[in-house]
Amino acid sequence: MEISSRYNPKETEPKILQRWLKGSVYHAKKDPSKEPFSIVIPPPNITGILHMGHALNNTIQDVLIRYRRMQNYQALWMPGTDHAGIATQNVVERALAKEGKTKEDIGREEFQKHLWSWRDKYGSTIIDQLKTIGASCDWGRLRFTMDQAYSQTVGGVFLELFKQDLIYRGNYIINWCPRCKTALSDEEAAHKEVDGWLYYLRYPVKTKKNEKKFIIVATTRPETMLGDTAIAINPKDKRYDWLKNAKVILPIVDKELSIIQDEAVDPEFGTGVVKVTPAHDPVDFQLGKKHNLEFINIMNEDATLNKNVPETFQGIDRFEARAMLVELLTKKKLIEKKEPYNLGAGHCYRCNTIVESRISLQWFVKMKPLAQEAIKVVQQDKVKFYPNRWKKVYLNWMFNIQDWCISRQIWWGHRIPVWYCQNCYNPNSNDKKGIIAAKKAPKKCSDCGSDKLTQDKDVLDTWFSSWLWPFATFGWPFDGRGTKDDRRRTKNKKIQEEEFEYFYPTNTLVTASEILFFWVARMIMASLKFTGKIPFSDVIIHGTVRDDEGIKMSKSLGNVIDPLEITDKYGADALRFSLIFLAASGSDVYLSSDKFLTGRNFLNKIWNAARFIFSQIQNKKIKIDKLDYKLEDESDAWILNQLNKTIIDCSGLIENYRLDEAIKTAYDFFWHSFCDWYLEIIKDNFSKTKANNSVFILLSSLKLLHPFIPFISEKIFSLIKQNCSLDLADFISESGWPLEKKINLEPQSLAVFTKIVDSVDKIRDLRGDLGLGQQKLSLQVKTEAKLKEVWARHKGWFCRLVNAETITLVDSLERVFYQNKYWAINLKIGSADLAKFSHALDKKINNFNSLIKKTEGKLKNKKFIKNAPKNVVEKEKSKKSDFSHQLTRLKNLKEIIV
RNA sequence: GGGCGGUUAGCUCAGUUGGUUUAGAGCGUCUCGUUUACACCGAGAGGGUCGUGGGUUCGAAUCCUACACCGCCCACCA
């Protein structure tokens with residue numbers, strides 16, 4: 001069989017993928033004979049297109065899942081997508097705008113049809129992309145946060161929280177995005193610094209004596225003055241005692257402001273006088289409540305000013321109004337000064353527009369009661385973070401948790417299951433009168449019997465459905481809900497419940513730090529509240545993907561590397577390999593496209609190692625029908641010993657989520673032990689046993705590597721099946737994780753062999769130091785009688801690897817180039833670059849001199865002898881004698897040769 | 001303002017409880033090699049007073065402390 005010398009992932013990967021999908025190898029159902037292992041995917045947005053962050057996130061999950069699957073766990077990776085309320089609505093609105101229409105033009109119902117058809121058309125793009133990078137999800141279970149069953153769960157949770165008084169509706173100050181025209185939660189308004197000005201405004205004051213005075217207030221948002229209803233000072237601030245009985249007039253609006261005293265005012269900041277705009281600032285809102293001030297909402301939904309401001313400003317955008325006001329106030333000499341100022345302003349996390357603080361009627365979840373248990377489980381390490389430092393971040397946020405605004409004024413999402421009685425509901429009252437929360441539209445008001453009911457127009461925050469993800473995806477609360485189709489796909493109630501019992505809590509959640517509060521914290525709260533269980537025991541928080549200058553990859557900055565481009569060029573395996581290789585636990589990943597060469601080169605190395613083994617087997621017509629590892633000579637024990645170590649290390653590292661270290665360990669073994677040594681050693685002596693052994697090592701390596709690079713390992717696995725008549729599973733993931741294989745060998749002979757390998761290195765060094773070029777060497781080896789037969793056995797390949805003609809075993813040497821505790825070696829050489837060699841020797845001699853000095857220093861130190869553990873002292877002593885021996889040898893060599 | 005992380009070779013980073021490392025790897029650089037698995041390769045070389053100053057210790061890249069610079073998160077200073 002002809003095998004190309006270049007591995008071609010583009011040809012291989014799609015075929016392998018098809019086999020996986022057809023074979024449904026990744027389907028996991030309850031199997032009491034196996035331990036369960038489960039992960040729920042962080043559901044990508046249906047608007048999403050695979051980016052490097054997804055690639056990293058899902059590769060990590062896939063490695064864990066594939067590893068456990070091979071370890072004979074029942075490994076379930078639950079896939080799905082998120083409806084992503086605002087994001088999706090924005091996308092579909094933009095598409096509509098291209099036709100010159102707005103969503104208002106076509107109406108809510110029609111717009112929703114657009115949303116669904118968009119979702120049907122593009123919503124699974126990212127799922128297909130995940131498949132191409134090898135994600136081994138149980139695709140048959142694919143969930144969507146707006147599946148009917150899932151939606152019913154969301155609604156049910158709302159009703160339950162409402163019943164328990166953990167949800168309330170009220171007029172509060174919230175973050176408002178004037179572009180998306182909806183309320184946002186605190187988390188959705190990202191604080192960023194914005195260059196701006198701090199304006200010092202002069203407000204006229206009339207004192208009792210009718211003096212004309214001014215007070216100066218500082219503000220970054222002058223337009224809000226149109227909604228001012230008070231002036232606040234600190235009661236202890238003596239400077240403003242005179243103000244307490246005076247009247248402050250709000251310029252332009254020309255009305256009197258009340259004067260309040262509050263400790264919250266910092267006399268040190270600005271002028272010590274604060275203008276109070278209760279309807280447009282969170283602090284002022286509190287002041288307003290406390291001091292019973294008037295709340296004047298001055299803005300429309302789109303942040304233009306409304307009819308509550310003087311006519312000139314009505315309908316003007318907030319920023320334009322700011323400019324106008326500054327100009328007008330300047331004219332009136334009412335601006336004392338302005339200073340450059342960086343203000344932290346909230347930005348909409350979906351469209352980056354600066355949000356406004358605005359009072360509006362919204363639904364909220366009381367978070368403090370939910371947080372209590374979620375704090376405990378993390379404190380008690382029932383839920384653990386990797387890296388552990390996130391524990392503190394999590395707890396800090398939980399201790400200071402604020403109520404969660406969950407209503408959104410958009411059309412894409414779960415409609416709030418609440419109806420208001422037109423007759424008896426009073427939005428300004430705190431009781432629930434006239435609010436009917438129900439699964440289905442009620443006929444009559446349960447309070448007054450009126451049939452004039454209207455449903456709340458809003459939908460729920462997307463995260464209000466995502467926080468149920470780990471258990472809602474299993475069909476919780478198992479009441480056979482959903483459409484027939486849902487039920488067919490999600491199986492019947494009993495199976496669902498059993499599966500939940502079996503797989504839940506899930507094991508590991510893999511996510512980026514950005515959504516720790518949005519999602520992770522809330523899932524823990526929701527799961528504890530509704531299922532009484534933690535949702536997962538381990539949370540892996542990986543880093544952010546950045547470009548090679550350390551800047552976060554983002555479409556708008558144009559610095560993204562498209563994972564699919566990499567897949568196209570180098571293959572999904574190369575992408576996965578390099579991402580894992582670079583992602584040290586929790587630290588950010590700096591990418592440039594050449595970083596993927598490491599992965600590509602490695603794949604090619606594997607490919608060629610396999611190609612070499614197969615070609616040898618074919619050429620020599622060796623038949624391999626069972627993998628019976630035999631020790632023909634020491635090299636077989638040596639490589640097996642290293643494989644055993646690699647298996648142990650690799651497994652441990654994966655279990656501790658040190659995937660980068662795990663892949664490096666496997667990489668190092670395969671390339672530098674197996675290829676560089678074992679395959680080189682056996683080249684000339686490719687016996688049946690060696691063939692057998694090399695296939696065994698290859699197969700074991702492939703298994704170790706499979707979680708990281710599934711395609712190529714599957715491909716070569718199938719080639720092994722073809723080339724050797726072995727009874728192997730259909731898929732590598734069903735063939736089991738490699739186990740250590742015991743070897744019966746005295747440790748002594750392994751040590752001797754290691755010294756032979758070491759001798760090759762040393763002679764290669766000497767070749768360089770002596771400047772021998774391609775000169776063929778003759779070696780003389782002096783060793784004890786019983787080691788002579790060992791040398792006789794390994795002479796052949798040894799010569800080849802050091803480029804020597806002969807090795808003679810002798811009883812005495814005229815000079816010694818290399819020596820260890822088993823043997824000494826002399827090189828018989830023709831011409832050499834003696835100056836170069838002398839220089840190299842000097843360098844080594846100096847090095848040993850300083851090392852000896854260092855160890856002597858330690859050994860002369862009485863405190864060291866007294867305090868250091870015995871073994872450390874012993875080690876230091878043997879180091880010293882070893883160094884001295886080597887030094888003597890080098891000095892002799894120099895005398896003889898140079 | 002509070003909290004967290006980082007600073008080790010030209011670049012990207014390992015270095016787990018202080019002594020198994022004479023501070024390592026990958027990439028890049030330089031030298032040699034086309035001996036048919038692989039030039040997407042092989043062999044070798046050069047390159048670091050481990051951010052700075054103190055301290056603990058027989059012994060510090062590793063622990064403590066102060067400082068500097070970089071990055072992130074949280075926070076209502078108008």
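To find a chain, count down the sequence lines: A is the first, B the second, and so on, and within it residues start at 1.
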Taking any strand in view, what nucleotide pairs with [N] in a Watson-Crick or G-U wobble way, both distances under 3.5 Å?
N: B:C69; value: B:G6
N: B:U57; value: none
N: B:G44; value: B:C30
N: B:A78; value: none
N: B:U16; value: none

- Whichever of A:V283 and A:K863 has its nearest RNA chain B nucleotide further upstream toward 5':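 Of the two residues, A:K863 wins.
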
- Message: Between A:K664 and A:L851, which residue's closest nucleotide on RNA chain B lies nearer the 5′ terminus?
- Response: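 It is A:K664, whose closest nucleotide lies nearer the 5' terminus.
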
Tell me whether the OP1 or OP2 atom of [N] has a side-chain N or O from [X] closer than 4.0 Å.
X: A:Y341; N: B:A78; result: yes
X: A:K860; N: B:C58; result: no
X: A:W671; N: B:G42; result: yes
X: A:K862; N: B:C58; result: no
X: A:N601; N: B:C41; result: yes
X: A:N861; N: B:C58; result: no
X: A:R6; N: B:C40; result: yes
X: A:R658; N: B:G15; result: yes

Which nucleotide, [options], lies nearest any side-chain atom of [X]?
X: A:P869; options: B:G26, B:G19, B:C38; value: B:G19
X: A:F883; options: B:C58, B:G26, B:U22; value: B:U22
X: A:K595; options: B:U12, B:C38, B:A14; value: B:U12
X: A:D761; options: B:C38, B:G44, B:A78; value: B:G44
X: A:K875; options: B:C76, B:U22, B:G19; value: B:G19
X: A:D266; options: B:C73, B:A78, B:U20; value: B:A78
X: A:R600; options: B:A23, B:C40, B:A37; value: B:C40
X: A:K879; options: B:A78, B:G26, B:U20; value: B:U20

Looking only at N and O atoms, is any donor in the side chain of [X] or the base of [N] less than 3.5 Å from an acceptor on the other one?
X: A:R389; N: B:C4; result: no
X: A:E680; N: B:A37; result: yes
X: A:K392; N: B:C4; result: no

How many whole angstroms separate atom [atom1] of [X] from atom [atom2] of [N]?
X: A:R611; N: B:C41; atom1: CZ; atom2: P; answer: 14 Å
X: A:D882; N: B:U20; atom1: CG; atom2: P; answer: 15 Å
X: A:F612; N: B:G42; atom1: CZ; atom2: C1'; answer: 14 Å
X: A:N867; N: B:C58; atom1: CG; atom2: C1'; answer: 5 Å
X: A:E514; N: B:C73; atom1: CD; atom2: P; answer: 8 Å
X: A:H672; N: B:C41; atom1: NE2; atom2: P; answer: 10 Å
X: A:Y199; N: B:A78; atom1: OH; atom2: C1'; answer: 15 Å
X: A:D676; N: B:C41; atom1: CG; atom2: C1'; answer: 10 Å

Establish, for the pair [X] and [Y], whether the NZ or CZ atom is under 6.0 angstrom from the six-membered ring centre and no further than 45 degrees off its axis.
X: A:K275; Y: A:Y203; answer: no
X: A:K715; Y: A:Y7; answer: no
X: A:R322; Y: A:W197; answer: no
X: A:K337; Y: A:Y200; answer: yes

Please report the distance separating the [atom1] of [N] from the corresponding atom of [M], rounded so that it comes out in whole Å.
N: B:U62; M: B:U56; atom1: P; result: 15 Å
N: B:G15; M: B:U21; atom1: C1'; result: 10 Å
N: B:U36; M: B:C50; atom1: P; result: 46 Å
N: B:C58; M: B:G18; atom1: C1'; result: 12 Å
N: B:C32; M: B:U16; atom1: P; result: 39 Å
N: B:U20; M: B:G6; atom1: C1'; result: 28 Å
N: B:G5; M: B:A78; atom1: P; result: 28 Å
N: B:G33; M: B:U17; atom1: C1'; result: 45 Å

- Looking at CD of A:E514 and CD1 of A:I541, how far apart are the two atoms once the value is rounded to the nearest 0.5 Å?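 Here the interatomic distance stands at 10.0 Å.
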
- At what distance, to the nearest 0.5 angstrom, does NZ of A:K854 lie from CG of A:L859?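 Result: 13.0 Å between the selected atoms.
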
- Item | Salt bridge A:D684-A:R800, side-chain N to carboxylate O under 4.0 Å |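 Salt bridge: yes.
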
- Under 4.0 Å between a Lys/Arg side-chain N and an Asp/Glu carboxylate O for A:E856 and A:K858?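 No, this pair does not count.
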
- Message: Are A:Y394 and A:W390, when compared by the centres of their aromatic rings, separated by less than 6.0 Å?
- Response: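 Aromatic pair excluded; centres sit 6.0 Å or further apart.
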
For [X], answer base if it contacts any base atom (sugar-phosphate contacts may also be present), sugar-phosphate if it contacts only those atoms, and nothing otherwise; contact means non-hydrogen atoms under 4.0 Å.
X: A:T598; result: sugar-phosphate
X: A:K843; result: sugar-phosphate
X: A:K858; result: nothing

